[in-house]
Amino acid sequence: MINTDLLKEYFPDVLVYDYYIFVEKNIVDVISFLKTKNYVDFDVLSQIIAADCTDFVQLTYRLYSTENNEFLNVVTKVKDEAASVTHLYKSAHFDECEIHDLFGINFVGNEKLERLYMPEDWDGHPLLKSYDQTDERLEWNNDQSL
Amino acid sequence: MIKKIYKSILAIIIGHITVLKHAFKKRVTLEYPEVKPLLNDKFRGEHLFDINKCKACGMCQKVCPANAITIIKDENGLNEYSIDYKKCIFCGNCYYYCNFNAIMPSSNFELACSSKESLVITFKKAEEA
Amino acid sequence: MNYLLSIFIDFFANFGIPKEVVYIIFPIIPFCIVAAALILVVLVLVLVERKILALFTQRKGPNRVGFCGILQTVADAVKLLCKENIEPNVTDRILFSLAPIIAFVPVMVCWGIIPFSSEFDFISISVSSLLFAVIAVIPVIGVILAGYSSNNKYSLIGSVRSAVQVISYELPIMFVILSVSILASSLNIKDIILSQTSMYQVCGWYIFPCFLGFVILFVSSLAELNRCPFDLPEAESELVAGYNTEYSGMRFALFFLGEYAMLFVSSAFITALFFGGFLSPFGFYISEKIFNNNVLAQIGIYFEQAFWFFIKSFLIVFLIMWVRAVLPRLKSSDLLKFSWRILLPLSILNFIYICLFKYIVMIGGLK
Amino acid sequence: MTNLFKTMEINVGPQHPSTHGVLRLILELDGEIIKSCKPVVGYLHRGIEKMAENRSYLQYLPIVDRIDYLGGFFNSYAYCDCIEHLAEIDVPDKAKYIRVLCMELNRIASHLLWLGTFMLDLGASSPLFYCFRDRERILHIFEALTGQRMMYNYFTFGGVRFDIPSDIIDKISVFIEDMPECINDYENIITDNPIFVSRCKSKGILTKKNALQYSITGPNLRASGVNLDFRKSNPYLVYDRLNFDVSSDISGDAFSRYKVRIFELHSSLKIVEQCISFIKNSSDEFLNKSVKPVMLNIDNAEYTSSVESPRGLMSCTVMAGGKNPYRVKWRTGSYYAVQVLPELLINAELADLMAIFGSLDVILPEVDK
């Protein structure tokens, strides 16, 4: 239930698919648009999903509107610098700290950004594919003669 | 005001009576070492491995999430089969996906032992003389 | 006591020992009786508490050590004695080791004040009920010292809470004691008990005319002992273990012993004031019938009085443990509000009511 | 005049008896009033999302029960639902009903444990044992059904592993008959108790706006006035065929969160009753045999499943990449409940910390993943 023509008018380069919207830049403005000016305001940011695709990190903002119980994914590509949405949704703080901790993305605008799970002096970001696991207990599943 | 006091005193008395009611019910606790809990046949305790049925197909090894099973094959089928209880999480995948029912659950859950080595249980093929 | 004293004097007289020496030596015997009774009762009480809590929650309670758990507290005590007394880097070493002693010794004195039978009246001064109320408060000083000197934030908060709690619940106790002493027209506990006898045995007890006083005294002595609804100082969910977090071994055993001894003594105090202390509920003593009143009957009566006293105080202890199984803990601010806003006016009201009751009923006033 | 009283910084440490699990709260205390609070998480981080990347779909299934060990069935359903959508596996009707049955019993067991520990935090010791006695009966049923008390590994792609034998169905129906009477016992001891009411009423008030801002879901949200239950709003499995009702409260304090959860116990019992009546006389088979889980191979696609767990919305996102999942992301309820805690604790007393934190029903493995 997205007001696609109004959205196109504000942000021409947004690609609208049936399940999700792909946004190249200015992700924060699209989200604030969806939060307020859309037919149905998506008032809950359910979660931020991050996935490491080798040369960039794909962020998915999963919005939810309590009126007509509808989920919407807003997908964007991020290198290692991203704009923070804590001013729109307070629940984003933990999500952004976790992504900063596990993916190494620095969120501008989130003042109290720090590592959520790992200790402060942990080197490397565990959920990246390039994260080398030096712990010898972990390379158990690769050499299985399947 | 009086109603509130009356209601709260009544609530305290009812609370006491319900707790007293429990005093006369049957005891629920189980004296463990003397009285063993009764477990049904599906309980996933220690593995029961039958070496003759095993065809060394490696299905259980492929399915185990913690890689606790290691199989050593030689020319005439299975030579050695070992389960490492330090890694095993008793998930039961190996029981479900073994096609020859070579490995089955037993309801023995007392697996405490004193040395790490005795946690790795190996089954050897009986070498005929 | 003077009956036993006279036996001792003429016993030692034929050895040529003068009376004064006997007067000095004699108090050791009651002290030993009190110490033995205290240790025995505390050992039984700790086990009874765990059994009763288990009874209410469909469990079995400790039944491994001894026949059905009888030696459980003995085993705990031995374990605590063998434990090493760890001392964190405390602010003041002397205070740290003094605190448990201050928390335990007054309880021994309280045991002496309560007359367990008309003859076992060790400290019988004319204002013994007031003396009891005052000495029952001294252990709090030990608690404050423990909290302050164990250099730990949690125990500091615990000890401050316990101090606030005891101060605010002291006044209602005083008013209730005054009102009961007006009924009995004497402050001595033994006289209060003796004045509760009347021809139809049980109705002479003070619980019937002054039931409100009983409720106030019961609730404030719960607060005094840091027992269930008011067990803020060692609220395990917030303050880990309150003031005795840093203690271990013998010192912790002293705190533990003191708490349970105090529990029994204040329930004995409640029975003395309201349930006719060592008076038997049937008005006559069984041993009087059996030994048809010679010396044996006299001694039989003393022990039976003590027996009735213990039975009634164990009932009150059961009531205290029953409350512990049910009620959650009060908050410290509500605790103060409850005491100053509800308990104190109620006790003053009760005091006035008792004066009127005494004037009208006892003296047949208005004639 | 500078503020003479320096606030005392105390940290309710990871090993504190009343933080369920390993959560550390750094509190700034002024006397007994809490000025500020900062939760520190990560003591129980097992890297569940990283574990998925070097395991096959089937190998990851038993790990999933360990995310929220009080709601094993909810995690495995969320994960199985993802895989079934990605690999287009359809689930027979009886398996759906068995799944709903297990999930609702699991919800009752989780709420009972919450109630027991919540009352223990407030000081009443006996409700804990009554709740654990009833919870033990549910765990016995699960043990007879699946083989383990808490780590079930019972759901699999396309249905459930075993059929429900009739003696377990009788056990469940016996359990359902005398459970309402036990719940009345809890209500008698707790609900009107003046001390409990004075400690929980108007404490830790979560306003509706705040709750939505912090994306709180589940009983905590329903207690703040938003009647949102994912079993009703976007029904999955067979929830649209069952009739049950969802309660919501307005005041949003610890007491209303308690009321909402007690009502949920009753409604879950009704659901279990309806499921049993269907399962008893349905001859459907319990597992879609045509599925080969071991050699499951899904090309890259992505799906997010959502399920109403006892602590709010739990949704699992699986990005498939050949034999191993490329990325698995878990969204759990307590993750956001811990975030809202500092907001509720401002100007609360130290004793209120237990009441507020207990009423949020936070489980630490869910937060740390």
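To find a chain, count down the sequence lines: A is the first, B the second, and so on, and within it residues start at 1. Predicted, not measured: the structure shown is a model, and the values here were computed from it.
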Check each atom of [X] against the heavy atoms of chain D and say whether the ones under 4.5 Å are side chain, backbone, both or neither.
X	value
A/Arg62	side chain
A/Ser46	both
A/Leu127	both

Rounded at 0.5 Å granularity, tell me how far [atom1] in [X] sits from [atom2] in [Y].
X	Y	atom1	atom2	value
A/Ser65	D/Leu212	OG	CG	11.0 Å
D/Thr317	A/Asn73	OG1	CG	8.0 Å
A/Ile49	D/Met319	CD1	CE	6.0 Å
A/Tyr131	D/Glu53	OH	CD	12.0 Å
D/His45	A/Leu116	NE2	CG	9.0 Å
A/Ile48	D/Lys329	CD1	NZ	8.5 Å

* Neighbour count above 12 (heavy atom, 6.0 Å) for D/Lys50 NZ -> yes

Heavy-atom pair with the smallest gap, counting every atom of [X] and [Y]:
X	Y	value
A/Asp95	D/Tyr335	OD1-CE2, 3.5 Å
D/Leu228	A/Asn69	CD1-OD1, 3.9 Å
D/Gln213	A/Lys90	OE1-N, 2.9 Å
D/Ser315	A/Gln47	OG-NE2, 2.9 Å
D/Val367	A/Tyr117	O-OH, 2.7 Å

Select one option (side chain, backbone, both, neither) describing which atoms of [X] are under 4.5 Å from chain A's heavy atoms.
X	result
D/Arg331	both
D/Ile216	neither
D/Lys232	neither
D/Ser233	both

* So which of D/Val338, D/Val226, D/Val340, D/Thr304 has the largest heavy-atom pair count under 4.5 angstrom toward chain A? -> D/Thr304

* Taking the side chain from A/Tyr64 and the backbone from D/Ser215, do they hold a donor-acceptor pair closer than 3.5 Å? -> no

* Should D/Glu49 and A/Glu98 be marked as a side-chain contact (heavy atoms from CB on, under 4.5 Å) after you check the CA-CA gap, both sets of side-chain angles, and the distance that decides it? -> CA-CA 12 Å; D/Glu49 286 157 2; A/Glu98 184 187 359; 3.9 Å; yes

* Asked: Will you find, in the side chains of D/Tyr326 and A/Asp52, an N or O donor that is under 3.5 Å from an N or O acceptor?
  -> no

* To do: Tell me whether the centres of the aromatic rings in A/Phe94 and D/Tyr214 are closer together than 6.0 Å.
  => no

